[in-house]
Amino acid sequence: MRDDIRDWRHVFKLDPDKTISDEHLELLCNSGTDAIMVGGSSGVTFDNTIDLLSRVRRYAVPCVSEISNLEAVVPGFDLYFIPVVMNSRQGQWITGRHREALKQFGKMLPWESLVPEGYVVLNPDSTVAKLTHADANLGRHDVVACANLTEKLFRLPVCYLEYSGTFGDMDLVRQVRDNLEETQLFYGGGINSADKARQALAAADTIIVGNIIYEDIEQALSTLVHR
Ligand code: 1GP
């Protein structure tokens, strides 16, 4: 399964702290998206995560977890994405919480199912930027340097440019991707139409669609432009 992510172009990200109807969930899971990612910045618990996982499991689509807190580690996902926030000012978001997880879960961890992501948080007003104390007002050279940290120094398989809540600078996203050799570039933030999905797909390897799912399901489904 870890190798499959190379082929992913489109992912829907579901927030366990938000409500989604069975009907909308079915539309998303049968949409042709490459995966459903479950995760969020606040209010994510064991109970609401396992509830969403079991609902998504009615469908054939891969279902992966993006872990943001230790209480929400639930067994049974296909993969576990582990954010390492490259532009956090606090060590807990880079290695601190990760060390705690290794201490708590130790030998139980399914190493082959873990996918570390070098997160670069770029919308200073987003919940994730505030939560992780990210230095989100970065210039172009700093963003490229964060991507280089991810690929060249830490050798992580995924770099995630996270503009959560706002549509980012696609020229910069493209520049980052062109600079990467092995590491796969995820882009997320403000994709709420087919046009923006096209722009983001032209700039990144994989696009992540979040908020619009809860605002306008038809618009969310319209982001599947790559097929
Ligand atoms: C959030 O990158 C994802 O983690 C998607 O962003 O919610 O703005 O679509 P949006």
Side-chain angles (χ1 to χ4, degrees), residues 5 8-20 24-25 27-28 31 33-44 48-49 52 63-69 72 77 79-88 93 115-134 136 138 143 146-147 150 156 158-170 172-173 176-177 184-201 203-226:
I5 70 171
W8 291 0
R9 296 287 276 144
H10 181 285
V11 173
F12 280 126
K13 192 188 273 193
L14 294 181
D15 185 340
D17 195 32
K18 291 185 181 165
T19 304
I20 186 158
H24 286 187
L25 192 66
L27 288 169
L28 297 173
S31 65
T33 187
D34 295 305
I36 302 289
M37 180 178 269
V38 173
S41 300
S42 63
V44 179
N48 60 24
T49 302
L52 191 51
C63 187
V64 303
S65 165
E66 187 175 64
I67 296 176
S68 53
N69 74 61
F77 282 95
L79 292 171
Y80 295 86
F81 285 77
I82 317 288
V84 175
V85 184
M86 291 295 165
N87 59 334
S88 176
W93 300 101
V115 184
E117 311 168 292
Y119 243 67
V120 188
V121 177
L122 293 170
N123 174 8
D125 299 324
S126 61
T127 308
V128 60
K130 290 175 187 151
L131 180 73
T132 63
H133 297 264
L138 294 183
V143 176
C146 282
T150 301
L156 306 184
V158 172
C159 178
Y160 190 139
L161 295 188
E162 172 62 290
Y163 278 91
S164 179
T166 188
F167 194 61
D169 174 350
M170 289 304 121
L172 176 55
V173 176
V176 168
R177 191 203 43 205
Q184 185 169 348
L185 185 63
F186 283 18
Y187 168 83
I191 300 174
N192 56 11
S193 66
D195 179 51
K196 288 199 177 120
R198 262 185 220 101
Q199 291 181 51
L201 274 169
D205 296 318
T206 307
I207 63 170
I208 318 289
V209 177
N211 272 325
I212 191 66
I213 293 167
Y214 301 96
E215 289 161 7
D216 185 334
I217 192 73
E218 289 305 325
Q219 283 295 106
L221 293 167
S222 80
T223 63
L224 279 143
V225 292
H226 65 298

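Counting convention: from 1, in listed order, for ligands and their atoms alike. No hydrogens, no waters, no symmetry mates; every other heavy atom, side chains included, goes into these values.
Polar contact with ligand 1: absent for Val209 (N/O pair, distance under 3.5 Å). Looking at ligand 1, you won't find any N or O of Thr166 less than 3.5 Å from one of its N or O atoms.
Of all the atoms in ligand 1, the ones that sit under 4.0 Å from a non-hydrogen atom of Gly188 are 2 (O). Applying the 4.0 Å criterion to heavy atoms of Gly190 picks out, from ligand 1, the atoms 8 (O), 9 (O), 10 (P).
When Gly189, Ser68, Ser41 are ranked by how near their heavy atoms come to atom 6 (O) of ligand 1, first place goes to Gly189. Across Gly39, Gly165, Gly168, Ser126, heavy-atom proximity to atom 8 (O) of ligand 1 is greatest for Gly165.
Between the CZ atom of Phe167 and the CD atom of Gln199 there is a distance of 4.5 Å, given to the nearest 0.5 Å. With rounding to the nearest 0.5 angstrom, the OG1 atom of Thr206 is 9.5 Å from the CE atom of Met37.
Under a 4.0 angstrom heavy-atom cut-off, Tyr160 registers as being in contact with ligand 1.
In this structure, atom 7 (O) of ligand 1 lies nearest to the protein heavy atom Asn211 N, 2.8 Å. The shortest contact between atom 1 (C) of ligand 1 and any protein heavy atom is with Glu162 OE2, 3.3 Å. With hydrogens left out, the protein atom closest to atom 9 (O) of ligand 1 is Gly210 N, 3.0 Å, a heavy atom.
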Evaluation steps, side chain to side chain donor-acceptor pair (under 3.5 Å), between Tyr119 and Glu66: CA-CA 12 Å; Tyr119 243 67; Glu66 187 175 64; 3.0 Å; yes
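Inter-residue side-chain proximity for Phe77 and Ile67 is flagged as unmet; no heavy-atom pair is nearer than 4.5 Å.
Aromatic ring orientation, Tyr187 versus Tyr163: tilted (interplanar angle from 30° to 60°).
Between Asn69 and Val44, the closest heavy-atom pair is ND2-O, 3.2 Å.
Residues passing the side chain to side chain donor-acceptor pair (under 3.5 Å) test with Asp169, sequence neighbours excluded: Arg140.
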